[in-house]
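In listed order, ligands and their atoms are each counted from 1. One-based numbering along the sequence shown. Just so it is clear, the values below take in all heavy atoms, side chains as well, and ignore hydrogens, waters and symmetry mates. Quantities reported herein were computed from a predicted structural model and do not represent experimental measurements.
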Amino acid sequence: MAPSLDPEGWSDLRALGHRVLEDMFDYLADIRDRPVWQRMPDSLRQELRSPMPRAPESPAATYDAVCRLIVPYATGNVHPRFMGWVHGGGNPIGMLAELIAGGLNANLGGRDHAPIEIERQVVSWAAEMVGMPPATSGLLVTGTSIANMIAVLVARRAAAGPGVRGNGLCGQQLTAYAARTAHGCIARAMDMAGLGSDALRLIDCNEDHRIDLAHLERTVQQDRAAGAEPFLVVGSAGTVDVGAVDDLAGLAAFCQTESLWFHVDGAFGALAMLSPRYRTLFSGIEDADSLAFDFHKWAQVPYDAGCILVRDGAKHADTFAMTSTYLRREERGLAGGHPWPCDLGPDLSRGFRALKVWMTLRAYGADQLGQVVEQSCAVARHLAARVSAEPALELLAPVALNIVCFRVRSDTEPDKLNRDVVADLQEAGIAAPSTNTVNGKLAIRAAIVNHRTSPADVDAMVDAILQMAAVRRAATFSQIPTP
Ligand SMILES: *Cc1c(COP(=O)(O)O)cnc(C)c1O
């Protein structure tokens, strides 16, 4: 008989487990002492091209490889000076939850067990957070990309009727609407749902970077006149480029009048509903037919943890539920407890990502997460003020929440200079903003999401930017080729 994968005696593995835990606590406690990011050297990458291991090695040797090959070369988003894209910082309670979830190895596709009740509670907390009704249906998913895709599919089924699941669209021209600033995953969701990304009409924005409602209304009328069937409007609660919040109440009213599905992409912004100061900006979010957001961004839950909420649970289940004999539901026993999560999305087997969300929310409380949101926005305002006070820098967009787009002024090749400075900063391990284009100009974009980021961190980043830009300018003037 082949041996089980458990050890014969547990003491060595137990000791290794304690060491791993100590090391990961040290990793978090000492994060400031390390570079934000360092590129994994080619020599180490080469080691990862070895063939599949046939023979066992000791768990300690495997862990040594983790420490040597992986830990020093991670993305860096745990670090307080990581400000690129929109990345959450994670948290130590969530880290412990991952350990427990791994041990329990629960499958949340269905059946009657406590982990599913935990996911149901997380979904109801999410609905409470944004002011949707207690009966709101929902699911934890990998991220907002897939949550947006689920929303498109539910809206498609609601608009096209039950036949669409068997027959497809049969020539129906369903069209959706979102601002030009909407995240690219919405167009991809349209593509993946079989509607085509061109069926997403991109609506202009006003100077606040919010959707232009008049242009939306005109476009919907024109499409109807041309024989298309408008079915879905997607509002952004926190755009990925500058953090703008669409007029959600205006969109909700428009969708109500026009009988259109109102979906909100609140990937990071929805968490601002936990802040008394910012929640008013999001008025109307509670009227969404569906809402997608991430716990792994502003809620600091370790990756990955996205969430889809659907107001009408019957419409949600109508989109995905299937009957098959091997998944038969029973009134009693382990096959009870329906409806099952596998009726609410494309996955059958699903991990226990709800636990890290549940433990994070319990351990810190929603109010403290709201304070983290406010602190991020305060740090962003500090950064914007600092940028405005530096003659060498210019602010490129208004700061509604936590995203600051700015750049170093330059008479010659400003886009190149700013792109180089960002790469210099990242490679020096000092800070990690990303880049973006705002009104045709390349911007340095700092998204303050990590709960560890302080005003001193953004000041250190600005100091380094000014210094690195000066070095680059000097190099250009003396015609020294840059490396
Ligand atoms: C991050 C983001 C997404 C994509 O979410 P993932 O969790 O990365 O899949 C979608 N929309 C907005 C506004 C985002 O910020």
Write none if no such pair exists; otherwise list each N/O atom of ligand 1 with its protein N/O partner under 3.5 Å and the distance.
| from | atom 1 | to | atom 2 | distance (Å) |
| --- | --- | --- | --- | --- |
| ligand 1 | 5 (O) | Asp294 | OD2 | 3.4 |
| ligand 1 | 7 (O) | Thr144 | N | 3.0 |
| ligand 1 | 7 (O) | Asp294 | OD1 | 3.1 |
| ligand 1 | 7 (O) | Asp294 | OD2 | 2.6 |
| ligand 1 | 7 (O) | His296 | NE2 | 2.9 |
| ligand 1 | 9 (O) | Thr144 | N | 3.4 |
| ligand 1 | 9 (O) | Ser145 | N | 2.9 |
| ligand 1 | 9 (O) | Ser145 | OG | 2.6 |
| ligand 1 | 11 (N) | Asp265 | OD1 | 3.3 |
| ligand 1 | 11 (N) | Asp265 | OD2 | 2.7 |
| ligand 1 | 15 (O) | Lys297 | NZ | 3.0 |

**Message:** Against Asp204, only a single residue in Arg180, Arg218, Arg210 fulfils salt bridge (charged side-chain N to carboxylate O under 4.0 Å, His left out); can you say which?
**Reply:** Arg180

**Side-chain donor-acceptor pair present, Asp457, Ser454, cut-off under 3.5 Å** = yes

**Request:** Answer with yes or no whether the side chains of Tyr278 and Thr280 bring together a donor and an acceptor at under 3.5 Å.
**Result:** no

**Fill in**
For Phe82, the ring-ring contact (aromatic ring centres under 6.0 Å, His included) test, sequence neighbours excluded, returns His87

**Prompt:** Are His263 and Asp289 close enough that some pair of their side-chain heavy atoms sits under 4.5 Å apart?
**Reply:** no

**Request:** Tell me, please, whether Trp37 has Arg39 positioned over its six-membered ring: NZ or CZ under 6.0 Å from the ring centre and within 45 degrees of its axis?
**Result:** no

